[in-house]
**Q** 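The structure is given below, and queries will be raised subsequently.
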Amino acid sequence: MHAKDIPLSLLIPLIALAAWQATSAFGMVPTYLLPPPAAVWEAGLRYIFAAAGQGPYAGRFWSDLAASLTRVLLGFSLAAALGVPLGVVSGRMALAHRLTAGAIGGLRAVPGICWLPLAMIWFGIGVKTTVFLVAMAAFFPIYQNALTGARLVAPIYCQAGAMLGVGRLRGVFAVLLPMAMPNIIAGLRLGMGVSWAYLVLGELTGVPDGLGAVIMDARMLGQTDVILVGVLLIALIGRLCDLALVALMRLCFKSARRQS
Amino acid sequence: MTVNNSPALLEIVNLSHSYSRNGGAEPVLRRISLSIRAGELVCLIGRSGCGKSTLLKIVAGFLAPTQGQCLLAGKRIVKPGPDRCVVFQEDALFPWLTVRENIAFGLGGSSGTQRRLETERLIDLVGLEGYGDYLPRTLSGGMKQRVALARVLIRSPQILLMDEPFGALDAQTREEMQELLLRLAQKRNQTILFVTHDVQEAVTIADRALVLDRDSEQIGATVPIALPRPRNRSSHDFQDLCARLHALLRQP
Ligand SMILES: Nc1ncnc2c1ncn2[C@@H]1O[C@H](COP(=O)(O)OP(=O)(O)OP(=O)(O)O)[C@@H](O)[C@H]1O
Ligand SMILES: [Mg+2]
């Protein structure tokens, strides 16, 4: 995103905010359903900046963020560490593809949410369940895009590598992965988005900390303002994670920097 | 360039190839034999679809022939290698590498200064001074082919294989590239097998032209081109040779 796009991209959020403010100001919706923006803003400030102990959620943000971020990053890393190599290998080797396509296709047909009960039995309530759910969900877009990217690399580039003296294994790193990089990144970004969705699902099961847990907890106490704070923060942090992921890839790989 | 008494560098012996299609085998090349001497510039001409690229791919080692063999300096060709580099018709530069990095790609992990010097030398050689840091997508077609040429010359291949490398360029650029190629070939005594369907191009650059016939799937004719260099496109002899090759191509 370029700096000049920022005003434009803020347009729709601002309109939504104005509509929200108007709804509250004219009393069209009771505050326990939709608190006014100012109340949510204050709840947010309290949640993030107040000292612990000054109210039910005061100052909890940083520990919740740390907990959620750890789970997302663990699950996402697991998915990426499995999805990229498996996808690339399946995209290039017919045998590997035939071997894995059936199993992976079958697993993919299972909606991610179905894993929740099983994960709770296997891993109990806590980090492991959430990480498992996140990894399960993020794996498929990462795998599929790596596969497509690797498959679409035109033979001529591999031939060019081979004639210039690059062996098969080095060719994977010197030619194949850089060529497939745009697709790999697309998969990782989709995977990162899915990770946040499944983080919240995993945290709705009764873990004590995390942004998803706060949302669930606030629902039981009827604190709609805190729920909204949680939702907005997850949206914001999810977006920042996406930007950070792209920046990291561009920092690490020439092929990411120069082909977008 | 015309080296009459040097030994054969590339030898193709009784080579046949057929692609399998819908279960059946579709022959493309049939019992082809030819040899190219060191330092020779041979043009392979033929109509579209007659199997020129197929032959080049087999020599490059990208494709295994269904029958027969190719020998380079007496050794059988089984897989791709830096002794036989290809300049492709399409753009096959690595899009994430700059001109300089593309050219240095073939040097692999050799040492720093040596590598840099050699790369700069080739950038100058193909006339790309000042473009070292450009990415391929910002280059014109002619410049891309200069990079493609430099990145294979850096490996000093025993034979250079070129598959209609200038086919996509405008007439002016094509002539410039032909001159560049001739200069380099002379300087390095480079052996070249050059595929083209442009008769003028063949008569401009080649020591010998081979006409690949689509129907018999064989070399239909070998035409020595003994014109003095630099060649004058408007001379009688030049025009005669063009007419002769045209006639050979048009034969049923
Ligand atoms: N991978 C392939 N599988 C099956 N058939 C192929 C394959 N590649 C080429 N052919 C067929 O082999 C024949 C020769 O193809 P080739 O590319 O060698 O021709 P060419 O002489 O290079 O033509 P052009 O001048 O158009 O490049 C064509 O009929 C083509 O359809
Ligand atoms: Mg061809």
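Here is how names work: the chains are called A, B, and so on, in the same order as the sequence lines, proteins then strands, and each is numbered from 1.
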**Q** Where does A/A174 contact chain B at under 4.5 Å (heavy atoms): side chain, backbone, both or neither?
**A**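 For A/A174, heavy atoms of backbone and side chain both lie under 4.5 Å from chain B.
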
**Q** Tell me whether A/I12 at atom CD1 has more than 12 heavy atoms from other residues, nucleotides or ligands lying less than 6.0 Å away.
**A**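 Atom CD1 in A/I12 is not packed in, count stays at 12 or less.
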
**Q** What pairs of residues pass the salt bridge (Lys or Arg N to Asp or Glu O under 4.0 Å) test when at least one of them lies in residues 134-144 of chain A, not counting sequence neighbours?
**A**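 Residue pairs passing salt bridge (Lys or Arg N to Asp or Glu O under 4.0 Å), neighbours aside: none found.
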
**Q** Going by the salt bridge (Lys or Arg N to Asp or Glu O under 4.0 Å) test, which pairs reach into residues 17-27 of chain B, not counting sequence neighbours?
**A** B/R21-B/E26

**Q** Show the pairs of one donor and one acceptor atom, one from chain B and one from chain A, lying under 3.5 Å apart.
**A**
| from | atom 1 | to | atom 2 | distance (Å) |
| --- | --- | --- | --- | --- |
| B/W96 | O | A/R258 | NH1 | 2.9 |
| B/E101 | OE1 | A/R258 | NH1 | 2.6 |
| B/E101 | OE2 | A/K254 | NZ | 3.1 |
| B/R137 | NH1 | A/R258 | O | 2.8 |
| B/R137 | NH2 | A/R258 | O | 3.4 |
| B/R155 | NH1 | A/L164 | O | 2.7 |

**Q** If you count the non-hydrogen atoms of other residues, nucleotides and ligands that lie under 6.0 Å from CZ in A/F123, is the total more than 12?
**A**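 Atom CZ in A/F123 is packed in, count exceeds 12.
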
**Q** So for A/M179, is it side chain, backbone, both, or neither that comes closer than 4.5 Å to the heavy atoms of chain B?
**A**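 Both parts, backbone and side chain.
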
**Q** Between atom CG of A/L164 and atom CZ of B/F94, what is the distance when rounded to the nearest 0.5 Å?
**A**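 Those atoms lie 6.0 Å apart.
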
**Q** Does any heavy atom of chain A fall under 4.5 Å from the side chain of B/A92, the backbone, both, or neither of them?
**A** both

**Q** Are any of the side-chain heavy atoms of B/F62 and A/I156 separated by less than 4.5 Å?
**A**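 Contact flag for B/F62/A/I156 side chains = no.
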
**Q** Could you check whether atom CG of A/L232 has more than 12 heavy atoms from other residues, nucleotides or ligands sitting under 6.0 Å from it?
**A** yes

**Q** Please list, chain by chain and in numerical order, all residues satisfying side chain to side chain contact (heavy atoms under 4.5 Å, CB included) with A/P85, sequence neighbours excluded.
**A** none

**Q** B/P82, B/A60, B/G106, B/G61: which one forms the most heavy-atom pairs within less than 4.5 Å of chain A?
**A** B/P82

**Q** Measure distances from B/L93 to the heavy atoms of chain A and classify the residue's part below 4.5 Å as side chain, backbone, both or neither.
**A** backbone

